[in-house]
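So you know, we letter chains A, B, ... as the sequences are listed, proteins then strands, and number each from 1. Model, not experiment: these values are computed from the prediction.
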There are 2 protein chains.
Amino acid sequence: MDASGLMMPRAAVTAACGACAGASRGLCHGLEEADQAALFNAASSLRLPARSAVFREGDRANAVFTLKDGAAKLLRALPDGRQQIIGFRFPGDLIGYTARDRYPCDAELVSDATVCRVDRGRLESMSRHCAGLSHRLLELCAEDLAAAQDQLNAMAQKSAEGRVAAFLLMLREADRRNGGTGLDLSLPMTRADIGDYLGLTIESVSRVFAALRRGGLVKEPQRGRLRLADLPGLEALAGSDGAAAPLSGPGRPAHRSAA
Amino acid sequence: MDASGLMMPRAAVTAACGACAGASRGLCHGLEEADQAALFNAASSLRLPARSAVFREGDRANAVFTLKDGAAKLLRALPDGRQQIIGFRFPGDLIGYTARDRYPCDAELVSDATVCRVDRGRLESMSRHCAGLSHRLLELCAEDLAAAQDQLNAMAQKSAEGRVAAFLLMLREADRRNGGTGLDLSLPMTRADIGDYLGLTIESVSRVFAALRRGGLVKEPQRGRLRLADLPGLEALAGSDGAAAPLSGPGRPAHRSAA
DNA sequence: CGGGCATTTGAGAGTACTCAACCGATGTGG
DNA sequence: CCACATCGGTTGAGTACTCTCAAATGCCCG
């Protein structure tokens, strides 16, 4: 098992990967031009279909990838067949970097996508010459850590509605980072994916979406597409914490404890 | 505001910090002897009382710390006065390393403790010469990330009993790493701390502990001390997922969704 | 057109929360 | 030395949110 070949059905390998070096975020951010060029040369671009795996937990971590377009989910398969979704990744995001020699989780595409592959060995030999690169990796890891902790907070403190609202606002931010309006979003993941990410059942997710539609907070003009119609309302639901009045009833003030 | 002086009431600064370099885990793990010696010289030891802050979110990250004895909690204060506890740290653990120039969260002691302070600037200048050190930092960050993700999984999938059981088994592992039997544990944190960590109310935590005591799974011979009396039982409750029969009733098979 | 999949909706059950009172230990001041 | 306040913890009763089980709908694809 490794991160190439059989795992990537119908992969079309193109020559080099301009978008990687050009991206304002991602791996190259803050690197000097010469280093960016070196990364540029170490990269190749792949086109992959929805539901294919970029890599699997336990595979040898021979490469890191940046997402050029499409969306991916990072997940850990649970022994009983369920899955815990660690997070979603969008264009410009880096996936698969790790300090270990094996990937710590699966990466699966939730839509057709183009990824940019950077050889791990190349990256590491570069990072020996270029202090900025290893620092950048630590920064990225710290960002992921912060995101995981925000997610922890959401799971601990927020109601189902609050979690979904916060999730939608996260999608919005991802869209804006990539030059979108942040109002008309692609929603390629299934209710099951969202539930596995937020710690809710499919039914609960569906009910929350139904309530958001009824409340006029969002519209779903078509499958896989979502329009944020009432941003303040969503932000109130997501709340910086979990409070704020839900769409119906007195809601859950979330538990208190500290002073 | 910075990580020294006023924040550290009654701090007693001793000369150097042998235990830091000697620790088999922590910052020095895997470093060459000369590098360990350099870190050794850059470190000083502090004695701090329970409830004091090692650093606060937003403070300039001028130092990293290793816990020599005692226990600490990492937390983020929420706008409404509550707190989200990110994790607990035990002897041998490193706290306060980050890629940013500010700490991303508070670190508070839950018991009297001795910490070993390593100057950040010293650490960074070392890491420029010593590739192993920055790699080690990335490794530590990746470990924290994995722990946060485990915690996410627990919050999403496990019942209150499962979370508490998993928490106790985590304490057990920390005790064993530090040479204890893993059976007779110190439990310096309050129910509120545990609740804020696990996403439960004080009352729920208390009820779960009561149930564990009634079921003979644990004993609390005195305040702040806990004996694990039925390890298999606790492991069954904690389950690799959230299933397994609870102490009473049919319990929560946790939600399913994936294939 | 039929099968499979994702989603929706309904009814009922159960876990964890809320509110509230009480207990024991600790610490302070009269 | 004791009254009293405080803090952490425990326990009880009732509520409410989310899960479970079940069935129906709509959509895509062969």
Checklist entry - Are the side chains of A:L237 and A:L217 in touch, meaning some heavy atoms are under 4.5 Å apart? => result yes

Side-chain N or O of [X] less than 4.0 angstrom from OP1 or OP2 on [N]?
X: B:S206; N: D:dT10; result: yes
X: B:R191; N: D:dT11; result: no
X: B:S204; N: C:dC17; result: yes

Could you give the [atom1]-to-[atom2] distance, from [X] to [N], as a whole number of Å?
X: B:M155; N: C:dA16; atom1: CE; atom2: P; value: 13 Å
X: A:F209; N: D:dT18; atom1: CZ; atom2: C1'; value: 17 Å
X: A:I202; N: D:dT18; atom1: CD1; atom2: P; value: 17 Å

Next on the checklist: Minimum heavy-atom separation for B:I85 and B:Y197, please, with both atom names.
Outcome noted: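 Between these two residues, the closest heavy atoms are O-CD1, 3.5 Å.
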
Checklist entry - Do A:E161 and D:dC17 have a side chain to base donor-acceptor pair shorter than 3.5 Å? => result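 Donor-acceptor pair under 3.5 Å: no.
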
Next on the checklist: For a quick check, tell me whether the side chain of A:R207 and the base of D:dT20 share a donor-acceptor pair closer than 3.5 Å.
Outcome noted: yes

Nucleotide N/O of nucleotides 23-27 of chain D paired with protein N/O under 3.5 Å:
none

Checklist entry - Looking at the side chain of B:T201, which of C:dT7, C:dT8, C:dT18 is the nearest nucleotide? => result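 Closest nucleotide to the B:T201 side chain: C:dT18.
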
Checklist entry - Just how large is the angle between the end axes of the helix from C:dC1-D:dG30 to C:dG30-D:dC1, five pairs per end, to 10 degrees? => result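 End-to-end axis angle: 30°.
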
Checklist entry - Can you list every side chain to side chain donor-acceptor pair (under 3.5 Å) pair that touches residues 204-218 of chain A, not counting sequence neighbours? => result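 Found A:T201-A:S204, A:R213-A:E220.
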
Checklist entry - Aromatic rings A:F55 and A:Y103: how do their planes relate, parallel, tilted or perpendicular, breaks at 30° and 60°? => result parallel

